Amino acid sequence: MKEKAYDPKAAEERWYAAWLEAGAFHADPARPGEPYSIVIPPPNVTGSLHMGHALNITLQDVLLRYARMNGRNALWVPGTDHAGIATQNVVERELRGEGVSRQELGRDAFVARVWKWKEQSGGTILRQLKRLGAACDWDRERFTMDDGLSRAVREAFVRLYRKGLIYRGRYIINWCPRCHTALSDLEVSYAEEKGALWYIRYPGQSGGQGVVVATTRPETMLGDTAVAVNPKDERYAERVGTTLRLPLMNRPIPLLADAMVDREFGTGAVKITPAHDVNDFEVARRHELPSVRVIDESGRMTADAGVFAGLDRFACRDAVVAKLKEEGLLVREEPYLHNVGHCYRCGTAVEPSESMQWFVKAKPLAEPAIRAVRGGETRIIPSQWEKTYFEWMENIRDWCISRQIWWGHRIPAFHCRSCGKTMVEPDPPSKCAACGAEEILQEEDVLDTWFSSALWPFSTLGWPENTADLERYYPTSVLVTGFDILFFWVARMMMMGIEFTGKAPFRDVVIHALVRDARGEKMSKTRGNVIDPLEVIDRFGTDAFRFTLVALAAQGRDIRMSDDRVEGYRNFMNKLYQAGRFVRMHVDEETPRKLPGELPVVDRWILSRLQRVIDEVRGGIEEYRFNEAGSAYYQFVWHEFCDWYLEMIKPALLPSAGEEERKAQRATLLHVYETLLALGQPFIPFLTEELWHALPGGRGLLYDRPYPVADAAVNDVNVEEDMAHLMEVIRAVRNIRSELNIPPAKKVEVRLKGEAEEIAFLRDHEEILRRLARAEAVAYVDPDYIPVQDATAVVNDIEVCLPLSGLIDFDQESRRLKKEIEKGNAERVRVAGRLANEKFMANAPQDIVDALREREAALEQKLAKLGKNHELVSRYLS
RNA sequence: GGGCGGAUAGCUCAGGUGGUAGAGCAUCGCCCUUACAAGGCGAGGGUCACAGGUUCAAAUCCUGUUCCGCCUACCA
């Protein structure tokens, strides 16, 4: 039973194992070669492979394999991220199933439990990366919570603290009442929601009409400690300084003036809730107002909310509104669309709350990170993202890094129980530095996961030790990632990298787009339109999938993934595979790998074309224009190598051909094919490795071979032109046959009409012409030959005539020629028009004018010939 | 409110520095031609969103408009 089509599965397992076996992915700093390093964007340890990863990993793998084959000392560091909140949520959910809460379990037992979960389930995504073919150095796998990285985190924290770049304080932060933790500004995503704007009257303390305020959150009024108006607002000027009575709570609160208030909005009077609003918090600071916390960490009303204590914040909103209505203090209620922040992990509406947290002072860190990009130390590609980067960096705000969860790096701050002194040390102190007491408690909070991720490019290489890896592979060559974590991660790595190593962590930052579904919609679990990469791989093979991603990865544009596309590229994989079968039929152990000095034209042609495609593919990869590299490769392999070259050498490979000629052609065939395999290895590693080993002669792994380099000396413009002409002639014959419905089985004679020297090249390659045009015979006729009963076409200087007496339908041929003439004439008119334009002639560069002149002459000649032939044919019209 | 991106063949999209519009899929013919029907050969199909401008020349550069996306922002 002979194999018909390529079966990827077996090859994929075999070759990934072979690469690992050979230690091919392992990087050794001691080895020579200019370093090329990439750190993987560490996927969440809870994660499983999705399309975004697949694209991200594929692009990195292309770059890495390319670098490696170019002799670079290449390293790709893999690993995962501990994903604090997400992982804690997963394990808590598991515990809930067992009827236990994490509080019941206790901190240490819970953390141990998460570790156990990580050991069992945490490796999923890394195993999936292997199916994609990722050439990661698995000996260097890292986890943000492992010992080395944890040490790096503590070290970084302590250094920043000592420099005054980390501080602790009471501020308003975003609080997730479900996750029970603070979030950074970035971890809140805003969504418009339909709500209402309630107008509430706050009466004067000593009677009087008081002031009407407008709010979207009436429940927070229970914590109001003032009402503010703009100092320039004449409507309230007289009343500023008086005291109002806070409804429902019956608390006296001042009416004060603050420039922050917008006179245009609502009534121009704002209720001030310092404990639950950022702006109000600032106002309160300026005016030394007290702060009353009315919503607790679970989103329920505190004891300070009076009769509403214990209610959920949203239930409380309704209750407050109802009560106000009852008391006649609700002046008005209008529908209102506003932005509500939600926890990016669980979607719960975030509650801004005042609390004690740790922060990174971001400005001083951002400045050098901005300079690094401005100065070109780091490039962001495509460059339009630089603007986004600058904008964010220039308006950066301090970063809340403490989280009230258990899974993560516990903040290395230690509080003395007796005197309250806080010590920040990489290792726990045994006694208080101030009072000597020995009862010391470590800070309960852990760090934001992104804090450890920010150190990833150097912590994975051994920092703070000055390791050989760090020395050799830092800064890394390129970071490949999605725009969604530009701020979360890239910006912070830039800041931390420069702060701790003095150098920006990457030479290039490549930002790729989103993978969407076939209809262009974002894939999401809730939408149910998620395409599982592994399923695609199962159906079409990894290489086809990878090639699809590469071919569609145009800079700055989202990718629409669909079965159709993958199927198309799966067919391409098969094409390459079938070509391999053909090659194997004709080469053997004897076939020389060194090309003979004298080569047939066809060989010189394909070699010349090959140099170009090598340049295109290399250029595409080097400029991160992956789609261009991919399509250059696709186009060449299929439409030049397979469609033309293989077809053209068939006669020469037949036993009837001379032995010497056959040998030479075989050497070229093998050479070109092997070059194509090497050229394709970064994109389609499994198939190319498989095909490589199927060829005669064992020469190790393709992964280890040098990447093809174009040899300009092999380029031959004349040969390319001659061949282009030959192909045109073949196409002309095929076209006539097809248009006139002459079945392929019907052999025809082809007469080539033209001057002897114009025909010489065609005459030398008659066999190719005969075969590809399915011509029984080729005749060469003088320029005065009259194609009386022929179908004709004009190709450059010659005419292609097919004597078809008795077969030909002259009506049809007449129409065909007429169509040709019309097409040609339309173009001639355009060209002539431009040439007649004086301004064009005066201003256009000479080469453009010359080219156009030539074009005009050629068109005129062609039209003259076509016209004459059309006339001939017309005589026979019925 | 700011910022960014998109609008090109029926569909999905390519088209760095302006110089005769391309691919894949789909469509329509004809072919089981001995690597490949997951294939071969041929064909049809586009005032490059709209309006101005710069230029000898604009899909490409500039301005404006209209629709789509996305990111960002403390307007209660």
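All chains are named by letter (A, B, ...) in the order of the sequence lines, taking the proteins before the strands, and each is independently numbered beginning at 1. When reading the values below, keep in mind they use all heavy atoms of this one structure, side chains included, and skip hydrogens, waters and symmetry mates. A quick note: this is a predicted structure, and the numbers were derived from the prediction, not measured.
Residue A/Arg565 places no side-chain N or O under 4.0 Å from the OP1 or OP2 atom of B/U12. Taking only side-chain nitrogens and oxygens, A/Arg539 never comes nearer than 4.0 Å to OP1 or OP2 of B/A38. Contact check, A/Arg560 against B/C13: a side-chain N or O comes under 4.0 Å of OP1 or OP2. For B/A38, the OP1/OP2 oxygens have no side-chain nitrogen or oxygen of A/Arg570 closer than 4.0 Å.
Looking at heavy-atom distances under 4.0 Å, A/Trp638 makes contact with sugar-phosphate atoms alone, never a base.
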Protein heavy-atom contacts under 4.0 Å, written 5' to 3' over nucleotides 70-76 of chain B as B (base), S (sugar-phosphate only) or - (none), form the string --SBBBB
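Distances were taken from every side-chain heavy atom of A/Arg734 (C-beta onward) to each of B/C41, B/C4, B/U20; the shortest belongs to B/C41. Listed candidates were B/C36, B/G24, B/G16. Nearest to the side chain of A/Arg581 is B/C36. The side chain of A/Asp643 lies closest to B/G40, out of B/C36, B/G40, B/G5. Of the candidate nucleotides B/A35, B/G3, B/G42, B/G3 has the atom nearest to the side chain of A/Lys387. For A/Phe840, taking side-chain heavy atoms from C-beta onward, the closest of the listed nucleotides B/U12, B/C13, B/G19 is B/G19. Of the candidates B/A38, B/A35, B/G24, B/A38 carries the atom nearest the A/Asn571 side chain, counting heavy atoms from C-beta on.
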Given pairs defined as Watson-Crick or G-U wobble with both distances under 3.5 Å, what dot-bracket annotation applies to RNA chain B, with ( ) intrastrand, [ ] crossing, | other strand and . unpaired?
-> (((((((..((((.....[..)))).(((((.......))))).....(((((..]....))))))))))))....
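Taking atom CG on A/Asn627 and atom P on B/A14, their separation rounds to 8 Å, with Å as the unit. A straight line from CD of A/Gln578 to C1' of B/A37 spans 11 Å, rounded to a whole angstrom.
Between A/Phe488 and A/Tyr344, the ring centre distance stays below 6.0 Å.
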